[in-house]
Undergrad: 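Dumping the structure here so I can ask a few things about it.
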Number of protein chains: 2
Amino acid sequence: MPKKKRQQQLLQIIEDNPFVTDRELTRQLKVSIQTIRLDRMELGIPELRERMKQMAEHSYDQVRSLPVDEVIGDIVDLQLDKSGISIFEIREEHVFSRNGIARGHYVFAQANSLAVAVIDAEIALTASADIRFVRMIRLGEKCISKAYVRSLAGRRGKAEVDVFTYVGEEMVFQGHFVVYRSVSEEYSEGVSRSADRH
Amino acid sequence: MPKKKRQQQLLQIIEDNPFVTDRELTRQLKVSIQTIRLDRMELGIPELRERMKQMAEHSYDQVRSLPVDEVIGDIVDLQLDKSGISIFEIREEHVFSRNGIARGHYVFAQANSLAVAVIDAEIALTASADIRFVRMIRLGEKCISKAYVRSLAGRRGKAEVDVFTYVGEEMVFQGHFVVYRSVSEEYSEGVSRSADRH
DNA sequence: TACATATTAGTACCAGGTTCTAAATTTTGA
DNA sequence: TCAAAATTTAGAACCTGGTACTAATATGTA
């Protein structure tokens, strides 16, 4: 078997089982352990322990950053009860591996998070939404959402927010959200239960 | 410092930094490395490498189950172009840690996934949706979504699907979805681009 | 004081490597 | 066809972050 092909196989084996030792690789590829190690060197694949360490650190980072993740997208501009802008880049974890197209609920989540953030209230909850996926969004595209508060019914009650999401000049998503604003006391009662807290 | 207190501290240190070595622990706790190791023994804390391995395996399991996760919820019944039922249990990772209430986009995703799955077509894409969060959903609740196909415009074009999500007898979410059904050729053209692939 | 508990020290050993030198084998180019 | 180059294999020394075990030395405490 040529060197290139072996290295491709090695890459594949490690990809679908990163917990494999060099010793196990020698058995699968029928070459010496030194060859395995030279191959790993050339391919820039770290040793088993380093791979596990990186995975552990990665997952630890994710766990740590989860609370931050409660709002999808970075809010870069916010004028309470008026408008807001958030940026969200479509990464690997947001797309279908099959075709690299963004999962709808991430696009929805960015808009939803922004619609709620823009409302100046102790508690804001999405009550309903009317949304449209104008075109599909691909891996790596940077989504810029702009929210505009259209109406406010007093200090409590319904607020209406329109959100438009763009990739460059192109609009890719639009949504009309009805958001309840309330103070904590109302929280366990009728009205504010009809909602989705953010 | 008494032994018990030291062991409590050791537990704490490792909890908020699982990547600490025994050597680093000796510096922080001012005892010999043997004492650290005896303490770890008594507390049942594995060595650094074992801790990292466990974290890596845990996160890998999660990554592995991601493709399955492309459809949110388990589809338990499906009559193509007619109706479908899916079950989705709200777990830790689906709620806001702050208050244990399900994030809206998971609830949306279950309904969306089902609405698309119920359509008998090579490619089905959500074009738009009109949704309502009837009441908030809490950690541990089991969401049962029922989808009904309301109209079908020929073998291609729009289909309308209504989805109702229940927790027990209570309706918690409802949505009206417009889904495009198409074959691959149309995929890169006008109509089918206005959508969100599932 | 004697006994128990806790702590420290030290040695041998392990997995799963890296790093380095060197030999053997295979491939390739002229 | 034959030598140079590339590839593969072998082996020894060393590394980290430990475990396992024995033994000596505090430190209480009854």
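Residue numbers begin at 1 in each chain, while the letters A, B, ... track the order of the sequences.
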Undergrad: Looking at B:R135 and B:E141, is there a salt bridge between them, counting it only when a charged N and a carboxylate O are closer than 4.0 Å?
TA: yes
Undergrad: Give the rounded distance in Å between these two atoms: CG of A:L38 and C1' of C:dT19.
TA: 11 Å
Undergrad: Are there more than 12 heavy atoms of other residues, nucleotides or ligands under 6.0 Å from atom CZ of B:R40?
TA: yes
Undergrad: Where does the angle between the aromatic ring planes of A:F108 and B:F108 fall among parallel (under 30°), tilted (30 to 60°) and perpendicular (over 60°)?
TA: parallel
Undergrad: Please give, in whole Å, the distance from C:dT26 C1' to A:R6 CZ?
TA: 13 Å
Undergrad: Using whole Å, report how far NZ of B:K4 lies from P of C:dT7.
TA: 13 Å
Undergrad: Measure all distances between protein nitrogen or oxygen atoms and nitrogen or oxygen atoms of nucleotides 13-17 of chain D, and list the pairs falling under 3.5 Å.
TA:
unit_1, atom_1, unit_2, atom_2, d
D:dT16, O2, B:R49, NH2, 2.1
D:dG17, O4', B:R49, NH2, 3.2
D:dG17, N2, B:R49, NH1, 3.2
D:dG17, N3, B:R49, NH1, 2.8

Undergrad: For B:V167 and B:I90, what are the C-alpha separation, side-chain angles and deciding distance, and is it a side chain to side chain contact (heavy atoms under 4.5 Å, CB included)?
TA: CA-CA 11 Å; B:V167 170; B:I90 303 297; over 6 Å; no
Undergrad: Regarding B:M52, tell me which of base, sugar-phosphate or nothing describes its non-hydrogen contacts under 4.0 Å with the strands shown.
TA: nothing
Undergrad: Let me know, please, whether B:Q34 or A:I33 comes out on the 5' side of the other along DNA chain D by nearest nucleotide.
TA: A:I33
Undergrad: Let me know the distance between CD of B:E50 and C1' of D:dT19, rounded to the nearest Å.
TA: 12 Å
Undergrad: Using whole Å, report how far CD1 of B:I45 lies from P of D:dG18.
TA: 12 Å
Undergrad: For C:dT8, does OP1 or OP2 lie under 4.0 Å from any side-chain N or O of B:T35?
TA: yes
Undergrad: In terms of side-chain geometry, is the basic nitrogen of B:K3 or B:E42 positioned less than 4.0 Å from the acidic oxygen of its partner?
TA: yes
Undergrad: Check the side chains of B:Q174 and B:T165 for a donor-acceptor pair under 3.5 angstrom, ignoring hydrogens and angles.
TA: no
Undergrad: Rounded to the nearest angstrom, tell me the gap between atom CE in B:M41 and atom C1' in D:dG18.
TA: 10 Å
Undergrad: Remember a base hit wins even if backbone is also touched, and classify B:R51 as base, sugar-phosphate or nothing at under 4.0 Å, heavy atoms.
TA: nothing
Undergrad: Please report the distance, rounded to the nearest Å, between CG in B:L29 and P in C:dT7.
TA: 11 Å
Undergrad: For A:P46 and A:G44, which heavy atoms make the closest approach, and how far apart are they?
TA: CD-O, 3.5 Å
Undergrad: Choose from C:dT7, D:dT7, D:dT9 the nucleotide whose nearest atom is closest to any side-chain atom of A:K3.
TA: D:dT7
Undergrad: Without decimals, in angstroms, what is the distance between A:K30 NZ and D:dT9 C1'?
TA: 17 Å
